[in-house]
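Since the structure comes first, as structure tokens, the remarks are kept for the end.
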Amino acid sequence: MSRVKIKSALGQEPGKEITVKGWVRAFRSNRFIALNDGSTINNIQVVINADQLEESVLKNISIGAALAITGDLVASQGKGQYVEVIAKSIIVLGTADPEEVQKTILQPKRHSLELLREQAHLRFRTNLFGAIFRIRHAMTYAIHNYFNEKGFYNLHTPIITGSDAEGAGEMFRVTNLPLENIPLTEEGKIDVEQDFFGKETNLTVSGQLEAELGAMALGQVYTFGPTFRAENSNTSRHLAEFWMIEPEVAFADLKDDMELSEDFMKYVIQYALDNCKDDLAFLLQRETNEDKQKPQAERNELNLIERLEFVVSNSFERITYTEAIEILQRSKPYKKKKFKFPVEWGVDLASEHERFLVEKHFKKPVIIFDYPKEIKAFYMRNNDDGKTVAAMDVLFPGIGEIIGGSQREERLNVLKEKIADFNIEEEHVWWYLDTRKFGTAPHAGFGLGFERLIMFVTGMSNIKDVIPFPRTPKNAEF
RNA sequence: GCUUCUUUAGCUCAGCUGGUUAGAGCACCUGACUGUUAAUCAGGGGGUCCAAGGUUCAAGUCCUUGAAGAAGCGCCA
């Protein structure tokens, strides 16, 4: 008999014989097995008659074991569930020694997120991480769906890149030179000509420059792939390896870019609300329980579902960088000298300033645009005021910067000046400049940190808990 | 990279101004249990007190250095 997934079995009317396969989550009273197969957060209850089972089988029904069970789906006599399976046959596919299980996070009790991270290979078996990674999948699907519906093409930009011009951060060097005997030139520098690619190569920090090349022919493209930063960042919002979504649109300006980012975010969050109800309900309950332990001031004003619905149903606030500075300078914390970092035109906004604007002042997602050109990247389009560039950041409550984007500088002469100002050699970006030589046109795009989106949707507060195997400084286990 | 905090049983933690054999709850093991769902009841086992060095008659406890983890900051997505 072929296997029925538990998600499907739980939705069926009682009356027929089925086979389910999964892992034991609980075994109570020598009679009730809670079985989970990952198809849903919900377990199916299997009722057994211990007298009719062989001793060896009964002995091996323990938490963590994998079972195949055939039996009749019936209406449950107990309270917690609508249907249950009365087992006729039980096959133990894989045992799990309780003494060993006890040393792992499979033991049935509450575990700290830190311990779960140390056993990331097993944390999928928990309700929490099952929910998170089902939602992560749903969001991946929603993103491809959104762009496909809007006529974007998914573009696979290289992971190993010879481009070092983006300036988005420290990069991981890619080489197959012998590390114990690195060939040097006469000047004593690394002889990159002997390396695999004959030049210096790194893991990509962004697919944007390549995405622009695609957009300038295909019209609308997006990337969705792994991205690497060798920054020694020790925070709950940074990873050395993360996934980024980067749409790039020809014939679009900054306003179009902001509209795209808002429409996109609302679509994918609505998708989660519509398609991840069980998992979100679990995460909501978890957050509510956690909040009860906290002092009033640290509790969430809106609960998880309310926050998601709030984003979907309210427009994002849009202010210029200049307006943001003015608001901050008129604010109470500024006047009481509560800010650690200076607030004046020309300086980059610190986390404390962004949090004030998003969480205290506007209490909704905020898009800040038209930043001073000195604090932004070379490819961003100069505004006519001579001081700012057409850049925008989307800030989310509890997360901070979730999207960074801009209209790109499409004027060849201006771009060449900017490249010179940033001390980038033209020969390194000759291919990028070519798009400005042959049929240049206004275009814009943004980068979204996928894990930061998942943090917002799940309510998790550490980015290491929304990616299966986090890569961070001093940690590349699994 | 910086600041603060943490590291004691499988897990979460307690362990006072240094003092005899280091404790609790949960988990685990053994037994009981045919309507449980954080199952329950009785009994039992379980420790390199993160590492190295130091102070002291005596260190889980004090000092120094290091490692790992967390929160916050910087860099960003």
Side-chain angles (χ1 to χ4, degrees), chain A residues 25-35 42-53 62-63 74 76-81 84 86 96-119 127 166-170 205-208 226-246 261 289 298 339-341 348-355 375-377 393-396 399-405 446-456 461-467 472-475 477:
Chain A
R25 286 290 182 80
F27 183 34
R28 289 178 289 266
S29 296
N30 259 1
R31 188 159 171 77
F32 303 101
I33 301 168
L35 200 72
N42 300 308
N43 302 326
I44 199 163
Q45 173 156 290
V46 178
V47 185
I48 66 165
N49 190 332
D51 297 342
Q52 291 173 9
L53 279 179
S62 60
I63 287 165
V74 301
S76 177
Q77 297 172 33
K79 278 181 181 156
Q81 55 282 318
E84 64 192 11
I86 305 295
D97 178 358
E99 303 239 21
E100 295 293 321
V101 165
Q102 190 219 183
K103 294 174 185 167
T104 73
I105 55 157
L106 297 178
Q107 72 165 256
K109 69 187 291 286
R110 285 182 55 86
H111 303 286
S112 65
L113 291 171
E114 288 87 341
L115 187 73
L116 288 158
R117 264 169 235 153
E118 287 172 17
Q119 297 181 33
N127 282 334
E166 222 267 341
E170 290 293 314
V205 293
S206 163
Q208 181 204 310
T227 311
F228 308 86
R229 305 276 165 92
E231 302 285 348
N232 189 12
S233 293
N234 296 290
T235 81
S236 53
R237 305 183 309 281
H238 290 85
L239 291 165
E241 176 182 292
F242 64 101
W243 288 67
M244 189 151 67
I245 296 106
E246 294 177 290
S261 70
N289 291 340
E298 288 174 31
F339 288 136
K340 261 178 78 182
F341 291 88
D348 212 348
L349 299 176
S351 302
E352 58 178 356
H353 307 136
E354 294 179 349
R355 292 187 67 149
I375 59 173
K376 288 291 179 181
D393 285 348
V394 180
L395 310 179
F396 259 48
I399 309 289
E401 186 178 343
I402 196 164
I403 283 176
F446 63 78
L448 166 76
F450 185 52
E451 284 75 19
R452 291 189 181 173
L453 173 63
I454 306 302
M455 286 171 78
F456 184 75
S461 52
N462 191 314
I463 200 164
K464 294 174 187 173
D465 297 330
V466 296
I467 188 168
T472 53
K474 305 287 185 202
N475 181 19
E477 194 63 56

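Just so you know, these numbers come straight off a predicted model, no measurement behind them. Labels below follow one simple rule: chain letters A, B, ... track the order of the sequence lines, proteins then strands, and each chain is numbered from 1.
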Residue whose nearest RNA chain B nucleotide is more 5′ - A:W243 or A:E118
A:E118
Between A:Q45 and A:L239, which residue's closest nucleotide on RNA chain B lies nearer the 5′ terminus?
A:Q45
If you take all heavy atoms of [X] and [Y], which pair is closest and at what distance?
{"X": "A:A26", "Y": "A:I63", "answer": "CA-CG1, 4.1 Å"}
{"X": "A:H111", "Y": "A:Q107", "answer": "NE2-O, 2.9 Å"}
{"X": "A:V205", "Y": "A:E170", "answer": "CG1-O, 4.2 Å"}

What is the nucleic acid contact for [X], judged by heavy atoms within less than 4.0 Å: base, sugar-phosphate only, or nothing?
{"X": "A:E241", "result": "nothing"}
{"X": "A:A50", "result": "nothing"}
{"X": "A:F450", "result": "nothing"}
{"X": "A:K474", "result": "sugar-phosphate"}
{"X": "A:G447", "result": "sugar-phosphate"}
{"X": "A:N43", "result": "nothing"}

What about A:F341 and A:H353, are their ring centers closer than 6.0 Å?
no
Within the structure provided, determine whether A:F450 and A:M244 are in side-chain contact (heavy-atom separation under 4.5 Å).
no
Check whether any side-chain heavy atom of A:H238 sits under 4.5 Å from a side-chain heavy atom of A:E231, and report yes or no.
no
Using atom [atom1] in both nucleotides, what's the gap between [N] and [M] to the nearest angstrom?
{"N": "B:C50", "M": "B:A9", "atom1": "C1'", "answer": "15 Å"}
{"N": "B:A24", "M": "B:U65", "atom1": "P", "answer": "36 Å"}
{"N": "B:U6", "M": "B:U61", "atom1": "C1'", "answer": "16 Å"}
{"N": "B:C13", "M": "B:C5", "atom1": "C1'", "answer": "16 Å"}
{"N": "B:A51", "M": "B:G10", "atom1": "P", "answer": "14 Å"}
{"N": "B:U30", "M": "B:G45", "atom1": "C1'", "answer": "10 Å"}
{"N": "B:A38", "M": "B:C26", "atom1": "C1'", "answer": "10 Å"}
{"N": "B:U4", "M": "B:C63", "atom1": "P", "answer": "14 Å"}

Once you apply the 3.5 Å cut-off to both distances, tell me the Watson-Crick or G-U wobble partner of [N], or none.
{"N": "B:C28", "value": "B:G44"}
{"N": "B:G60", "value": "none"}
{"N": "B:U6", "value": "B:A68"}
{"N": "B:C73", "value": "B:G1"}

Under a 4.0 Å threshold between the charged nitrogen and the carboxylate oxygen, would A:D348 count as salt-bridged to A:K376?
no
Would you kindly check whether a donor in the side chain of [X] faces an acceptor in the base of [N], or vice versa, at under 3.5 angstrom?
{"X": "A:Q77", "N": "B:U34", "answer": "no"}
{"X": "A:S233", "N": "B:C75", "answer": "yes"}
{"X": "A:E352", "N": "B:G72", "answer": "no"}
{"X": "A:R452", "N": "B:C76", "answer": "yes"}
{"X": "A:T235", "N": "B:G74", "answer": "no"}
{"X": "A:H111", "N": "B:C11", "answer": "no"}

Under 4.0 Å: is that the gap between some side-chain N or O of [X] and OP1 or OP2 of [N]?
{"X": "A:K464", "N": "B:A70", "answer": "yes"}
{"X": "A:S29", "N": "B:A39", "answer": "no"}
{"X": "A:R31", "N": "B:U34", "answer": "no"}
{"X": "A:S236", "N": "B:G72", "answer": "yes"}
{"X": "A:R237", "N": "B:C73", "answer": "yes"}
{"X": "A:S351", "N": "B:G74", "answer": "yes"}
{"X": "A:N232", "N": "B:G74", "answer": "no"}

Taking the side chain of [X] as heavy atoms from C-beta outward, which of [options] is closest to it?
{"X": "A:E114", "options": "B:G35, B:A70, B:A77", "result": "B:A70"}
{"X": "A:R28", "options": "B:A39, B:G1, B:G35", "result": "B:A39"}
{"X": "A:N234", "options": "B:G1, B:C28, B:A77", "result": "B:G1"}
{"X": "A:K109", "options": "B:A71, B:U12, B:G69", "result": "B:U12"}
{"X": "A:F32", "options": "B:U36, B:C33, B:U37", "result": "B:U36"}

Measure the distance from [atom1] on [X] to [atom2] on [N] and round it to the nearest whole Å.
{"X": "A:M455", "N": "B:A77", "atom1": "CE", "atom2": "P", "result": "16 Å"}
{"X": "A:E231", "N": "B:C75", "atom1": "CD", "atom2": "C1'", "result": "5 Å"}
{"X": "A:F27", "N": "B:U40", "atom1": "CZ", "atom2": "P", "result": "16 Å"}
{"X": "A:E246", "N": "B:C76", "atom1": "CD", "atom2": "P", "result": "15 Å"}
{"X": "A:Q107", "N": "B:A38", "atom1": "CD", "atom2": "P", "result": "17 Å"}
{"X": "A:E99", "N": "B:A9", "atom1": "CD", "atom2": "C1'", "result": "14 Å"}
{"X": "A:N462", "N": "B:A77", "atom1": "CG", "atom2": "P", "result": "19 Å"}
{"X": "A:F228", "N": "B:A77", "atom1": "CZ", "atom2": "P", "result": "16 Å"}

Between the side chains of A:T104 and A:Q119, is a donor N or O closer than 3.5 angstrom to an acceptor N or O?
no
How about A:R25 and A:N127: does a side-chain donor come under 3.5 Å of a side-chain acceptor?
yes
